[in-house]
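Hydrogens, waters and symmetry mates are skipped; everything else that's a heavy atom, side chains included, is used.
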Amino acid sequence: MRSRRSGVSDSMAEPDADADARGNSADASSEETHHAFWADAVADEILERDPAEPIVIKGGVSPSGVAHLGNFNEIMRGYFVAEVLRERGHEVRQVFTSDDRDPLRKVPRKLANADGEIVGLGEVDAGALGRNLGKPYTDIPDPFGEADSYAAHFASLLAADADRLGIPVEMVSNTELYADGTFDPVVRTVLENAGTAREVLAAYQDKVDEEYVPFNPICEECGKVTETVTAVDLEAETVEYVCTDMEAGDSTIEGCGHAGTATFREGKLPWRFEWPGQWDVLGVDFEPFGKDHAEGSWPSGVDIAETVLGIDPPVPMVYEWFTLNGKALSSSAGNIVTVPEILALLEPEVLRYFFALEPKKARDLDLERLDQLVDRFDRFERAYFGAVDDADLTAVAERAYPFLVEEVREERVRLPYTFAAVLGMVEDEAFREQLARDEGHFDDDTPEWAIEDALDRVERARRWAERMDNEYNYRLQTELPDVSVDEDTAAALDDLADFVAEGHDGEAIQERMYETARDHGLAVADFFEAGYRLFFDETQGPRLGEFLGELEREFVVNRLRREA
RNA sequence: GGGCCGGUAGCUCAGUUAGGGAGAGCGUCCGGCUUUUAACCGGACGGUCGGGGGUUCGAAUCCCUCCCGGCCCGCCA
């Protein structure tokens with residue numbers, strides 16, 4: 001993975017060295033420089049604060065049923081900033097917190113298994129979830145019975161996704177941070193200054209009253225996260241609590257009524273304090289977050305960080321949400337997609353490209369028109385190599401493209417996605433390669449690895465055609481389909497068979513099809529349809545004559561004669 | 001009701017941080033490959049830059065206002 005930049009590092013190194021020199025020497029008076037790539041602007045902002053090394057970039061989510069594409073913003077947006085900073089010579093640590101001491105508030109309707117496939121509750125031990133409402137995710141068994149806990153299962157999904165996309169990110173369990181005492185000083189500070197904490201938060205949340213204690217112990221009796229703290233002992237670092245009912249959305253999770261004592265490690269801070277607490281203990285310098293946090297958690301988090309914890313909040317970045325097929329991502333509505341599902345349809349670099357686009361714009365991932373996204377990536381790639389007459393695009397590509405691919409290689413070949421889908425109509429690899437060669441995508445100088453990589457897209461485009469069941473979802477029929485033709489058509493097909501048997505190339509066959517149809521008084525369209533029925537069991541298909549020209553001659557002849 | 005972020009061609013999006021030519025790809029249409037059959041090539045069509053007002057010699061870009069969409073302003077994360 002470290003080799004990603006090696007291909008062009010020589011040519012890219014000089015301007016970066018300049019940028020670095022500017023940044024280090026004349027920081028205070030640093031003028032606003034225009035950056036084509038948003039991550040550079042963010043990096044400037046981070047460096048203006050003269051952060052300690054390693055610079056820490058964080059993301060994080062609460063475990064839910066499915067690790068979907070939107071969750072991945074938390075990792076990918078930070079990744080580009082991390083890479084930019086690394087390229088400028090800084091040491092960067094990218095962490096991702098699984099906020100897994102949060103209690104399960106409601107049973108999710110969908111889950112993702114270890115392969116990222118979405119399954120319903122019927123396929124897992126759903127009772128294990130229902131019985132454990134109100135408990136921290138780390139204390140709930142994995143419904144698939146594989147990982148140590150529900151939280152571990154979810155975290156491993158994201159870790160696997162990060163791995164698939166080649167993102168080096170350090171997974172941090174929030175529960176661990178409490179359990180190993182990392183959070184102790186923050187909990188102590190918050191509870192020591194509970195009055196100030198209340199005051200600050202009350203400005204953002206109406207419900208905060210005199211009774212409010214910013215700590216939620218875990219009940220030693222029933223294991224649920226509780227909300228009613230009756231006393232705090234700062235000396236002993238413990239709190240007294242009563243396990244009362246908890247409101248979760250429109251339902252209530254019943255407490256067991258137990259009254260007990262919990263240490264600072266046996267509970268959690270409410271989210272509004274926990275988030276700034278993470279900034280504190282992890283030394284976070286930059287954190288991207290979704291627009292849902294922009295007006296709620298973020299302003300109160302800044303205030304809490306500065307007023308209660310006495311730290312500087314990280315550089316923020318709000319990202320817009322993705323939609324899928326024009327609608328909001330929603331696991332309950334079934335409108336959801338995971339990283340592995342997308343990677344079945346396109347290359348990792350294309351998905352990375354999607355995340356490299358301007359974060360402030362809402363983006364739709366339209367699976368029906370995935371070809372458009374891939375086309376745009378291909379163009380972006382060509383722009384990097386200077387082959388697109390578009391100065392703006394080229395400026396962004398020069399900067400961002402090297403972060404998208406494992407290695408910059410100019411000899412790389414990209415088959416247009418829809419063309420790849422056409423090639424997917426046949427199974428034979430050699431035939432696919434031949435077709436691509438005939439189209440001029442490969443020549444004698446094309447390296448073997450480039451051909452392999454290019455043909456890899458055919459597999460993905462094929463899956464796309466099948467899953468979308470679109471106009472590319474044709475498959476060459478290896479068995480003779482059940483087709484009946486009238487007398488004239490039969491005669492025409494036999495003529496064409498004779499012509500093919502003589503040995504002609506695809507172009508000649510294509511021409512001959514028109515002539516044959518005319519000779520037999522057939523409408524061209526009808527004759528083509530008969531051909532599509534014979535070879536694809538469909539009424540339409542790719543350019544037929546040239547397609548047949550590439551197939552094994554005997555097979556074509558026999559099929560045209562309706563013999564096999 | 002208040003706040004934040006968006007609104008540019010049929011679709012997907014650049015361009016707004018720094019005011020000066022309204023753009024790209026795809027789609028559509030037309031044409032080429034002697035003959036409509038989805039891969040290739042050329043061309044054309046296509047936009048009140050959400051509406052209105054203001055500043056300016058000049059506004060997609062800056063200011064004001066209104067409309068539309070998402071999110072937040074309860075709890076929770």
Side-chain angles (χ1 to χ4, degrees), chain A residues 31-36 38 41 60-64 99 101-103 105-106 137 174 204-208 216 225 227 246-250 268 270-272 274-275 289-300 318-321 323 326 328 357-366 368-380 382-383 388-396 415-423 425 435-436 438-441 470-472 474 507 510-515 517-518 523-529 531-532 539-547:
Chain A
E31 291 169 24
E32 292 285 318
T33 28
H34 174 60
H35 289 296
W38 57 267
V61 296
S62 187
S64 65
D99 297 339
R101 185 154 271 194
D102 298 347
R105 307 189 149 266
K106 58 182 179 188
Y137 286 107
N174 219 35
Y204 304 90
Q205 291 192 339
D206 295 342
K207 282 286 174 68
V208 176
N216 304 129
V225 176
E227 293 180 332
M246 180 173 71
E247 299 298 322
D250 38 14
K268 76 187 290 293
W271 163 249
R272 293 287 178 118
E274 190 172 75
W275 198 21
F289 47 87
K291 65 172 175 177
D292 52 333
H293 289 309
E295 291 299 309
S297 318
W298 173 250
S300 72
V318 180
Y319 60 82
E320 259 286 355
W321 287 354
T323 53
L357 297 169
E358 170 60 46
K360 276 210 181 342
K361 298 250 189 183
R363 300 237 170 230
D364 185 45
L365 183 72
D366 189 342
E368 294 287 343
R369 266 172 302 206
L370 219 49
D371 57 310
Q372 284 196 7
L373 176 63
V374 179
D375 283 349
R376 286 216 296 144
F377 167 80
D378 289 351
R379 193 171 133 85
F380 192 72
R382 288 196 303 276
V388 176
D389 182 22
D390 183 327
D392 292 330
L393 180 70
T394 302
V396 184
L415 302 176
Y417 195 75
T418 52
F419 177 56
V422 170
L423 297 191
M425 294 175 191
L435 276 176
D438 291 346
E439 263 320 293
H441 292 292
N470 59 16
E471 66 268 42
Y472 297 96
Y474 300 115
E507 202 176 333
Q510 178 77 5
E511 285 178 24
R512 185 63 175 222
M513 289 193 70
Y514 289 100
E515 292 167 7
R518 195 174 49 211
V524 170
D526 292 342
F527 189 52
F528 269 96
E529 184 178 322
Y532 288 127
T539 57
Q540 294 178 315
R543 192 180 289 271
L544 192 54
E546 296 179 25
F547 202 87

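Nucleotides B:C67 and B:U55, compared at atom C1', are 23 Å apart to the nearest Å. Only the C1' atoms considered, B:A39 is 35 Å distant from B:G21, to the nearest whole Å. Of the P atoms belonging to B:G20 and B:C62, the separation is 11 Å, rounded to the nearest Å. The same atom, P, is picked in B:U12 and in B:C64; the two are 30 Å apart, to the nearest Å. With P as the reference atom, B:G53 and B:G10 are 23 Å apart, rounded to whole Å. B:C49 and B:G23 are spaced 13 Å apart, taking the P atom of each and rounding to whole Å. Across the P atoms, B:C41 and B:A9 are found 26 Å apart, a figure rounded to whole Å. The same atom, C1', is picked in B:A14 and in B:G52; the two are 27 Å apart, to the nearest Å.
Put simply, A:Lys360 has no side-chain N or O that comes within less than 4.0 Å of OP1 or OP2 on B:C4. At B:U12, none of the side-chain N or O atoms of A:Lys361 fall inside 4.0 Å of OP1 or OP2 (strictly under the cut-off). Distances shorter than 4.0 Å separate none of the side-chain N or O atoms of A:Lys106 from OP1 or OP2 on B:C76. Of the side-chain N and O atoms in A:Gln205, one or more sit less than 4.0 angstrom from OP1 or OP2 of B:C75.
Counting to the nearest Å, the C1' atom of B:G7 and the CD atom of A:Glu320 are 11 Å from each other. B:A38 atom P lies 13 Å from atom CG of A:Leu435, rounded to whole Å. Rounded to whole Å, the distance from CD on A:Gln372 to P on B:A24 is 16 Å. Rounded to an integer number of Å, the gap from CD of A:Glu274 to P of B:C76 is 12 Å. Counting to the nearest Å, the C1' atom of B:C76 and the NE2 atom of A:His293 are 11 Å from each other. Taking atom CG on A:Leu373 and atom P on B:G25, their separation rounds to 17 Å, with Å as the unit. One atom, CE of A:Met513, and another, C1' of B:C33, lie 17 Å apart when rounded to the nearest Å. Atom pair A:Leu544:CG and B:A38:P shows a separation of 8 Å (rounding to whole Å applied).
Of all nucleotides present, only B:G32 satisfies the Watson-Crick or G-U wobble test against B:C40, with each distance under 3.5 Å. Within the shown strands, B:G1 is the pairing partner of B:C73 under the Watson-Crick or G-U definition, both distances less than 3.5 Å. With a 3.5 Å ceiling on both atom-pair distances, B:G58 lacks any Watson-Crick or G-U wobble partner. Pairing partner, B:G6: B:C68, with both Watson-Crick or wobble hydrogen-bond distances short of 3.5 Å.
Considering only the side chain of A:Asp375, B:C26 comes nearest among B:C40, B:C26, B:C71. Checking B:A77, B:U35, B:C26 against the side-chain heavy atoms of A:Glu515 singles out B:U35 as nearest. The side chain of A:Tyr532 has B:A38 as its nearest neighbour among B:G70, B:A38, B:A24. Side-chain atoms of A:Glu295 lie closest to B:C4 of the nucleotides B:C4, B:A77, B:A39. You'll find that the side chain of A:Lys207 is closest to B:C75, out of B:A77, B:C75, B:A39. Ranking B:U35, B:U16, B:A77 by closeness to the A:Lys268 side chain, first place goes to B:A77. Residue A:Arg369 has its side chain nearest to B:C11 when only B:C40, B:C11, B:A77 are considered. Residue A:Arg379 places its side chain closer to B:A24 than to any other of B:A14, B:A38, B:A24.
Note that NZ of A:Lys268 and CG of A:Asp99 are 7.5 Å apart. Values are rounded to the nearest 0.5 Å. The distance from the NZ atom of A:Lys360 to the CD atom of A:Glu320 is 9.0 Å, given to the nearest 0.5 Å.
Residues A:Asp366 and A:Gln372 have side chains that never bring a donor and an acceptor to within less than 3.5 angstrom of each other.
Side-chain atoms of A:Ser297 and base atoms of B:A77 include a donor and an acceptor less than 3.5 Å apart. Taking only distance into account, the side chain of A:Tyr474 meets the base of B:A38 through a donor-acceptor pair shorter than 3.5 Å. Side-chain N/O atoms of A:Arg363 and base N/O atoms of B:U12 include no donor-acceptor pair closer than 3.5 Å.
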Steps toward side-chain contact (heavy atoms from CB on, under 4.5 Å) verdict (A:Arg379, A:Leu393): CA-CA 9 Å; A:Arg379 193 171 133 85; A:Leu393 180 70; 3.9 Å; yes
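Looking at which nucleotide of RNA chain B each of A:Glu511 and A:Ala41 is closest to, the 5′-most match is held by A:Ala41. Nearest-nucleotide positions on RNA chain B place A:Leu393 closer to the 5' end than the other of A:Asp206 and A:Leu393.
Using a 4.0 Å heavy-atom distance criterion, A:Val318 is classed as making no nucleic acid contact. Using a 4.0 Å heavy-atom cutoff across all strands shown, A:Lys291 reaches at least one base atom of the nucleic acid. Here A:Trp275 lies out of heavy-atom contact (under 4.0 Å) with every strand. No engagement by A:Asp371 is indicated, since no non-hydrogen atom pair under 4.0 Å with the nucleic acid exists.
For the ring-ring contact (aromatic ring centres under 6.0 Å, His included) with A:His293, the lone residue among A:Trp271, A:Tyr319, A:Trp321 that qualifies is A:Trp271.
Of all non-hydrogen atoms in A:Pro103 and A:Val225, the two that sit nearest each other are CB-CG2, 3.9 Å. Residues A:Ala36 and A:Val396 share a closest heavy-atom pair of O-CG2, 3.5 Å.
In this structure, A:Trp275 and A:Trp298 have perpendicular ring planes: the angle between them is above 60°, well past the 30° mark.
Judged by distance alone, the side chain of A:Tyr472 and the main-chain N or O of A:Ala421 form no donor-acceptor pair under 3.5 Å.
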